[in-house]
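Step one of this worksheet: look at the structure below.
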Amino acid sequence: MRRILYLIHRWTGIAMCALMALWFVSGMVMLFVGYPKLTPAERLAALPPLAAGCCIEPAQALARSHRPAVVQAITLTSIAGRAHYQLLEQDGRTTQVDAATGALAPKPDAQAAVAAARMFKPGAPARYAGLVEEDRWTHSRGLNLHRPLHVVELDDDAATRVYVSSATGQVMLDAPRAERYWNFAGAWLHWLYMLRQQNTDPVWTWTLIGLSAVGVLSAVTGMVNGVQRWRFNGRYKSGARTPYREFAMRWHHVLGLAFGLVLCTWMFSGLMSMNPLGVFNARGAKPDAAAMQGGTPASVRLAQPVAQVLALLQTQSFKPRELEWRVLGGEPFIVARDGHNGTRIVAAGSHGLPPTMHCDSRISATCGDALTVTKQWEPARLEAVARKLLPYPVRSFEMVTAPDAYYYQRGDASMYGGNERRLPALRVVFDDPGHTWVYLDAATGQVALSIDSTQRVGRWLFNFLHSWDVPALLSPAWARIAVLIALSAGGLLLSATAVVIAVRRLRRMA
């Protein structure tokens, strides 16, 4: 059995050592430079503030939809510097309506894409570079409804490449030249994107699963062999605790004992990141956000004109870049976002709002029916509507004011850097077969995260083992990064000695 384990490690190590070394190098790069993405704060910072007299009413925009009654969301935003309503249709597509004229926005062409890119980076010369269905920087499934993408090259200091939606005309992604170049040694290399041909690519998926499985086998058998051959009591004739005298073999043995466990966990968690055979998919029913809302913005809206909403926000020194019409428990409200992705809730009356709300009688004749502005919903209001998410009893409610093991914000370089994890949030624990936990963002009244017991296991077997991303280690960030770099450097040296040994072995066989 020892001989079999030794041979398995030898040949899997020969097959995987160079790739393992590249994974360590690319992993270290990814700690500082992530795969190109446009975070919510970056997107909003590039939009102009909405002026009080900018726009027609949402009802006028809804009239432009083919099926106004089933429009799922209404957003007032800016496209190429001009205010537009975006209507999320039932099929997931969007309809753009010019908020000044009420006309349907034309399909974005090259000229519109260049205009959007110029607004994104004012003052930078822009050059249209064509349409792409998908390239090495646009594999994200979140871009599927926006394909093909217009590509615009900006002549700014960062040589930014901008991708613009062919469906909405909005900037969906920016990729500065330095970020693109570093990604060749980072995420693009780490995920072997040179093998990926399309957004959903089973060949690429199973290639990564297979390589990761071989890597796990190599790491585990190497660890077993290393422990068996190390003299914990006594020494070999050479006086050393390792039987190997040759430099590369000796240090491969020593480094394997020092960093082998880390290598095993990282290879295994890398395999788990691919969710082989869907082992971490949610097993039960998904939370029904529509039931919690109790209506759609198309059927339930604030009666007050949009100009009043914008005027009130400005009196509160809040400069909105976007307005989102939403419904919570059958009551309409608006989420306003500023250029830093800060939010305010605007509602009529005091439905579920704290007593410290803002009421401006200058805007409404009856202050009790006036618009109110606050930063978040009352916990009791969120608890009442949260019960409708699943047809099962609620075991507990808790207002989370600090990150926990499942609800936490990652840095911009992380693949999860674009996820919004605001605090406070209401954590709802259901007594359903999947033991589902749901987190409601108190600032928006929306489901920010839903995770059942199977997904929680996946969180520990992938995210924690691969990234060490528990809140206690994420702050301060530099301490976690320093430890990960030190361990990665050890793993790289271990892989490098394996490369030397593998080359020698293959030369002797040639």
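Not measured: the values here are computed from a predicted model.
- Scored by the ring-ring contact (aromatic ring centres under 6.0 Å, His included) test, His146 finds no partners at all (sequence neighbours excluded).
- Taking Tyr408 as the reference, Arg459, Asp469 meet the side chain to side chain donor-acceptor pair (under 3.5 Å) condition, with sequence neighbours excluded.
- Listed by first and then second residue, the side chain to side chain donor-acceptor pair (under 3.5 Å) pairs involving residues 474-491 amount to none (not counting sequence neighbours).
- With sequence neighbours excluded, the residues that form a side chain to side chain donor-acceptor pair (under 3.5 Å) with Thr296 are Ser299.
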Show me, pair by pair, the donor-acceptor contacts under 3.5 angstrom made by side chains of residues 502-510, not counting sequence neighbours?
from: Arg504; atom 1: NH1; to: Glu246; atom 2: OE1; distance (Å): 3.2
from: Arg504; atom 1: NH1; to: Glu246; atom 2: OE2; distance (Å): 2.2
from: Arg504; atom 1: NH2; to: Glu246; atom 2: OE2; distance (Å): 3.4

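- The side chain to side chain donor-acceptor pair (under 3.5 Å) check on Thr94 picks up Gln96, with sequence neighbours excluded.
- By the salt bridge (charged side-chain N to carboxylate O under 4.0 Å, His left out) test, Glu322 pairs with Arg43, sequence neighbours left out.
- Counting only residues at least two apart or on different chains, the side chain to side chain donor-acceptor pair (under 3.5 Å) pairs with a member in residues 23-40 are Ser26-His190, Thr39-Glu42.
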Side-chain donor-acceptor pairs under 3.5 Å in residues 206-216, sequence neighbours left out?
from: Thr207; atom 1: OG1; to: Val203; atom 2: O; distance (Å): 2.6
from: Ser212; atom 1: OG; to: Leu208; atom 2: O; distance (Å): 2.8

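- For Met399, the side-chain contact (heavy atoms from CB on, under 4.5 Å) partners at least two apart in sequence or on another chain are Pro379, Leu382, Pro424, Leu426, Ala442.
- Side-chain N/O atoms of Asn225 and Arg10 include no donor and acceptor closer than 3.5 Å.
- For Glu398, the salt bridge (charged side-chain N to carboxylate O under 4.0 Å, His left out) partners at least two apart in sequence or on another chain are Arg427.
- Ion pairing between a basic and an acidic side chain is recognised when a charged N comes within 4.0 Å of a carboxylate O; Arg196 and Asp201 show no such pairing.
- A search for side chain to side chain donor-acceptor pair (under 3.5 Å) contacts involving Tyr439 returns Asp404, not counting sequence neighbours.
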